[in-house]
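Here's the structure, in structure tokens; my notes come after.
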Amino acid sequence: MTRANQRAGEPLLRIAGVSHRFGGLQVLRGVSFDVPPASLTALIGPNGAGKSTLFNIVSGFLSPQQGAIRFNERDITKDSVQSRGRAGLMRTFQTPQVFRNLSVRENLMMGDYRHLASGITANMLRLRGSRVEMDRLRAKAEEACERFGLREVMDQVAGQVPAGIQRWVELARAWIGGPRLLMLDEPSSGLNTAEIAQLRAALQRLNAEGITILLVSHDMTLVDVAEQVHVLCFGSIIASGAMQQIQQDERVRQAYLGV
Amino acid sequence: MPPWKAALLWGLVLVAWAALPLVASRHIVDLLVFAGLYTIAGLGVAFLLGQCGIVNLAQSMFYGIGAYCVAWFCTVKGLPSVFAVTAGIALSAAIAALVGWPILRLSGYFLALATLALAIIGQVLFLEWDWLTGGTLGIGGIPRIALFGFELDSPQRFYFLVWPIAAVLLLLHHNLLHSRNGLALRSMRDAPEAAAALGVDLHRLKVQMFVLSAMLGSLAGSLFAHYVTFVSVDSFAVDRAISFLLLAVLGGVTTVWGPVLGALFITLLPQWLSRLGDVHAVVFALALIAAVILLPEGFGGAIRNRLRARAVK
Amino acid sequence: MDLTLLLQSIVTGVTNGFIYGLVGLGLAAIFRGTRIINAMQGDFALIGGIAAVLLLEKLAWPVWAAFFAAVFVGGAAGWLMELLLVRPLRRRGGSEESYLLLTLGVAFAVSALVLYVVGRDSHALPGIGGDGIVVVGDVAIRIHALWLVSIAVAVMLALRVFFGKTALGLSMMAAALDAEGALTTGIDVPLMRTLTFALGGLVGGLAGVLVGPLVTVYFDMGLLLTLKGFAAAILGGLANPMGAVVGGVTLGLLESLAIVMVSSGYKDVVAMAILIVIMIAMPNGLLGRRLRKGG
């Protein structure tokens with residue numbers, strides 16, 4: 001799924017020497033890898049390998065004890081979660097974090113929050129700019145609902161739609177603002193085989209449109225769609241490459257079977 | 001509900017509201033004026049609690065600042081009311097921003113108790129700085145507000161000032177809730193991490209809401225001063241802050257108009273119970289406990305849910 | 001500065017500090033046991049104090065009997081509160097704010113009830129050892145104060161032993177740390193929670209009986225005590241009951257010294273400002289334990 005005009009030069013995301021420990025446990029040891037723009041990269045590894053911790057560090061929920069993160073040619077290691085989001089680094093969560101009391105449409109509207117500008121006073125006075133903004137946002141959200149097959153549940157309260165649909169809501173919400181990097185944390189957990197196939201197709205489509213995707217997953221059919229796979233085991237990257245290479249790698253086999 | 005029916009209903013409500021002071025006793029209208037003042041102050045507390053999950057017990061301090069600004073600027077300095085009210089709002093906003101910035105990083109209990117500590121600081125300072133506030137002796141002779149040539153020197157007249165103001169503020173908050181920032185507030189309530197990941201500056205939003213709440217408290221306090229024409233520290237103690245919180249919880253924080261019900265409750269109930277002496281405080285506290293356990297969305301929320309259930313049928 | 005004045009205020013500070021510490025200890029114990037911050041902890045002191053007042057004045061009980069009974073009334077209040085109010089809220093899925101509002105509501109209810117039944121007057125309680133004073137150098141120390149400190153320290157040590165060595169205490173700790181695990185080992189977790197509140201009530205009631213002779217018992221003494229106890233608890237590390245006593249003494253000393261330097265009317269402003277600063281600057285307390293997040 002590589003784009004013909006993939007940019008040479010610095011990757012979109014560079015993780016450099018990230019180490020982190022929780023109490024007595026060294027969770028990440030000097031993890032480094034790159035995510036090139038417009039690529040579809042996957043991060044796999046046995047449970048407890050540190051994948052979620054790494055995700056939290058890259059998205060800003062955790063500050064690494066060592067190492068640096070570069071995004072879009074900027075060092076973002078010290079940036080807040082909000083500023084990373086505003087820079088176009090979008091993520092989903094292991095358990096879908098939809099806004100439970102908002103409708104599905106409103107959830108998607110929130111996805112474009114960072115591009116909105118109206119202030120509180122303008123909002124209160126329902127000034128023209130504020131209203132126009134909301135109308136545009138609503139239309140955009142409805143389009144996104146169409147695209148992601150959420151039209152039927154558009155008006156339903158997000159907390160009450162089935163968990164599988166909530167995953168799509170989260171994905172659509174992360175996509176709607178035009179992310180530079182889409183980080184998906186176990187997007188397939190809780191989905192059945194048919195839904196996973198749909199997700200796989202959706203990811204391929206998104207990537208074909210040029211969206212860079214970094215994926216953490218247990219599901220091999222999903223990971224199969226990635227052009228580059230990194231294997232994280234006990235806090236270190238033990239193998240990187242295309243799916244076939246990885247599957248034949250001795251260390252990887254040991255990690256998965258021997259653990 | 002078809003629009004003509006809704007319009008008719010609103011029309012009736014409006015007529016009933018306007019007719020009330022003409023038929024009710026002066027005493028009752030007086031209580032209704034207070035209900036209006038408390039609606040304004042309580043709206044601030046309710047909005048903060050409902051949208052940000054923040055228990056704000058410092059509202060009495062801002063209420064006092066608004067009142068004392070009017071007392072001092074109008075009575076002592078002879079400046080026009082508009083100036084005094086604005087000064088109060090500006091001062092309250094500044095203090096809320098300054099103090100809010102660090103303490104709103106705290107969460108839950110810490111924050112609530114910090115606001116309570118703030119209320120106590122306010123109460124003591126109002127007492128100790130008697131060169132400014134008159135201490136327990138207070139400041140009297142506060143001039144009345146004059147509008148369109150009418151001096152608002154009676155409950156009936158003030159009624160027609162305070163309730164339109166309250167209604168406008170409720171409308172503004174309704175608009176806010178259905179706007180981009182309102183969306184951010186509601187999402188912050190539901191899943192703060194996801195909201196942050198989408199670019200919402202949680203802390204800044206909380207501070208803004210705290211400042212807004214303080215401005216409402218100050219406005220209510222300023223109007224209060226112009227209404228009663230005499231203010232002293234007793235009106236700005238912690239129990240005032242507790243009343244505001246109480247009316248917010250009872251009225252319900254999940255609807256914008258909940259505070260109206262809460263305010264009516266806390267002003268009219270003591271009247272009803274007055275034969276039994278000072279028991280209303282106990283009743284209020286028990287009502288708060290009951291509301292928290294049994295009716296967490298308050299009267300307003302319960303009514304709204306009932307209406308919704310009926311609409312579904 | 002006058003040395004005598006300084007020493008005298010240190011004595012006052014330490015005495016008050018142990019009261020704050022006791023209140024804080026109860027707060028910390030309840031927090032550790034149930035993750036709830038009891039905003040009416042200071043009102044347990046009011047309950048204990050008023051119970052003692054009523055027993056002494058209306059029923060003419062002997063002092064020691066009244067004091068003991070008052071402490072148990074505090075414990076009973078804690079027991080009832082958990083059983084009748086906290087549990088139903090828990091069953092209905094209480095959010096953090098709702099527990100806070102509940103305990104605040106109870107605080108107001110207790111205060112309002114005392115106001116209604118007993119009135120606005122403050123009531124004096126006889127101190128232990130009456131009004132006797134011991135004079136050391138130029139400094140006067142009430143015998144009651146000495147008893148206060150001793151009792152507080154004894155309680156602190158007793159609780160340490162209780163939680164560390166006795167079966168019941170260990171069960172309560174287990175239930176607090178890992179409710180599910182404790183259930184599987186046969187510990188009655190809901191009962192442990194009720195007992196935690198009862199313990200908080202006992203300690204709170206004791207604080208009331210001890211502070212009553214110093215400042216008299218009056219209907220709105222609870223809130224300020226709660227806040228100062230909270231400050232003490234935070235200073236000591238919120239889930240650390242022993243630390244709360246240390247925190248309390250620290251707070252008491254700071255407050256006393258501030259009074260000496262500024263006027264006494266600002267005493268509460270100082271204490272509240274200290275509380276806010278502590279919350280912002282050192283939420284993990286002096287002893288620096290890594291457990292915050294406001295409960």
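Throughout, a chain's letter reflects where its sequence line sits, starting with A, and its residues are numbered from 1.
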Would you please test C/Leu104 and B/Ile242 for side-chain contact (heavy atoms from CB on, under 4.5 Å) and show each step? CA-CA 9 Å; C/Leu104 276 174; B/Ile242 292 167; over 6 Å; no
The interface call for C/Ile276 against chain B, heavy-atom contacts under 4.5 Å, is side chain
I want to check something: taking the side chain as every heavy atom from C-beta on, are B/Phe110 and C/Leu238 in contact at a cut-off of under 4.5 Å? yes
Quick one: of C/Val117, C/Leu227, C/Leu89, who has the most non-hydrogen atom pairs under 4.5 Å with chain B? C/Leu227
Applying a strict 4.5 Å limit to non-hydrogen atoms, the region of B/Val99 in contact with chain C is neither
Does any non-hydrogen side-chain atom of B/Tyr109 lie less than 4.5 Å from one of C/Ile36? yes
Pick from C/Ser98, C/Ala109, C/Ala112 with the largest number of heavy-atom pairs that fall under 4.5 Å of chain B: C/Ala112
Residue C/Leu100 versus chain B: region with a heavy atom under 4.5 Å: both
B/Leu127 versus chain C, heavy atoms under 4.5 Å apart: side chain, backbone, both or neither? neither
Would you check if B/Leu113 and C/Ile37 make a side-chain contact, meaning some heavy-atom pair closer than 4.5 Å? yes
Just give me the residue among B/Ile293, B/Val283, B/Leu111 that pairs up with chain C most often, heavy atom to heavy atom, under 4.5 Å. B/Ile293
I need the contact set between residues 245-260 of chain B and chain C: heavy-atom distance under 4.5 Å, sorted by residue number. B/Leu245, B/Val249
Please classify the contact of B/Pro102 with chain C as side chain, backbone, both or neither, using a heavy-atom distance under 4.5 Å. both
Would you mind telling me which of B/Val238, B/Asp239, B/Leu288 has the largest number of heavy-atom pairs within less than 4.5 Å of chain C? B/Leu288
Let's test your reading of the structure: which of B/Ile289, B/Val124, B/Leu294 forms the most heavy-atom pairs below 4.5 Å with chain C? B/Ile289
Quick one: what part of B/Ile54 sits under 4.5 Å from any heavy atom of chain C, side chain, backbone, both or neither? neither
Side chain proximity check, C/Leu101 to B/Leu49, heavy atoms < 4.5 angstrom: yes
Chain C contacts: which residues in residues 114-121 of chain B have a non-hydrogen atom closer than 4.5 Å to it? B/Ala114, B/Leu116, B/Ala117, B/Leu118, B/Ile120, B/Ile121
